[in-house]
Amino acid sequence: MRHWLMKSEPEVFGIDDLERVGVEPWEGVRNYQARNLLRDEMQAGDLAFLYHSNCKVPGIAGIMRIARGGYPDDTAWTPGHRYHDPRSTPENPRWFRVDVAFERRLGRIIPLSELKQAPELSAMPLVRRGNRLSVLPVSPQEWDFILSLETPRD
DNA sequence: GCCAACGTTGGC
DNA sequence: GCCAACGTTGGC
């Protein structure tokens, strides 16, 4: 089982929304690097952090389980859809998505500012400036370390 | 709201 | 195949 981190703007779709709907197709990813991860790497049963981006306090808000591995994102060939891309067809899909399921909230949102301070996480692209990838692999060590931050130990 | 960083597009 | 222009991301 692998671990991931997936970004979303909470104004658009955050942990509150995921908890409410339970399962959500993670559609609209239109970046090739992220597409490759969705299509080739992410498998049902994997776990992913839900990261809140582009908001007042960006940070990790909860845990999701991949409910379904990569499959074609049909919003790409839906005319008029905001994620429509005429280069993608059912016969030759260009974009992919996964389904994610609500697992649990973290006890607190772990802010990016705190993640940036941890030497243990310095290799994560997330804490590097200018990183824009919306789906990132997380190593088991990084995963465990981030979870250890959930409950401050003092 | 600003703007740096980045990915994509398209002219050549 | 280069690279400037453009649009988007996302922290601050």
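Order of the sequence lines fixes the chain letters, A, B, ..., with proteins taken first and strands second; residue numbering starts at 1 for each chain.
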S.K.: Rounding to an integer number of Å, can you tell me how far A:Y83 OH sits from C:dT8 C1'?
M.R.: 13 Å
S.K.: Return the value, rounded to whole Å, for the distance between atom CZ of A:F13 and atom C1' of C:dG10.
M.R.: 20 Å
S.K.: So which one's nearest nucleotide on DNA chain B is more toward 5', A:N131 or A:N54?
M.R.: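 It is A:N54, whose closest nucleotide lies nearer the 5' terminus.
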S.K.: In whole Å, what is the span from the NZ atom of A:K56 to the P atom of B:dG1?
M.R.: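 My rounded result for the distance is 16 Å.
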S.K.: Please report the closest heavy-atom contact between A:A34 and A:V29, naming both atoms and the distance.
M.R.: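 Heavy atoms only, the tightest pair is CB-CG1, 3.5 Å.
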S.K.: Classify A:R87 by what it touches in the nucleic acid, base, sugar-phosphate, or nothing, heavy-atom distance under 4.0 Å.
M.R.: sugar-phosphate
S.K.: Between C:dT9 atom C1' and A:Q33 atom CD, what is the distance in whole Å?
M.R.: 14 Å
S.K.: Rounded to the nearest 0.5 Å, what separation is found between the CD atom of A:E120 and the CD atom of A:Q141?
M.R.: 11.5 Å
S.K.: Over all strands shown, is A:K116 touching base, sugar-phosphate only, or nothing at heavy-atom distances under 4.0 angstrom?
M.R.: sugar-phosphate
S.K.: Within this structure, what is the CD-CZ distance for the pair A:E103 and A:R65, rounded to the nearest 0.5 Å?
M.R.: 5.0 Å
S.K.: Can a side chain N or O of A:K7 be found less than 4.0 Å away from OP1 or OP2 on C:dG10?
M.R.: yes
S.K.: A:Q117 CD to C:dG11 P: how many Å, rounded?
M.R.: 16 Å
S.K.: Checking side chain to side chain donor-acceptor pair (under 3.5 Å) between A:D73 and each of A:R39, A:R30, A:R35, which is the one that passes?
M.R.: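 Output: one option passes, namely A:R30.
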S.K.: For A:R35 and B:dG7, what is the distance between atoms CZ and P respectively, to the nearest whole Å?
M.R.: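 Computing the A:R35:CZ to B:dG7:P distance gives 15 Å.
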S.K.: What's the closest nucleotide to the A:L112 side chain, out of C:dG10, C:dC12, B:dG7?
M.R.: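 Selected nucleotide (nearest to the side chain): C:dC12.
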S.K.: If I compare all heavy atoms of A:W4 with all of A:L37, which pair ends up nearest, and what's the gap?
M.R.: CZ3-CD2, 4.0 Å
S.K.: Could you tell me whether the phosphate oxygens of B:dT9, OP1 or OP2, come under 4.0 Å of any side-chain nitrogen or oxygen in A:Y32?
M.R.: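 For B:dT9, OP1/OP2 do not have a side-chain N/O of A:Y32 under 4.0 Å.
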S.K.: Without decimals, in angstroms, what is the distance between A:N31 CG and B:dT8 C1'?
M.R.: 10 Å
S.K.: Can you tell me how far P of C:dG11 sits from CZ of A:R128, to the nearest Å?
M.R.: 16 Å
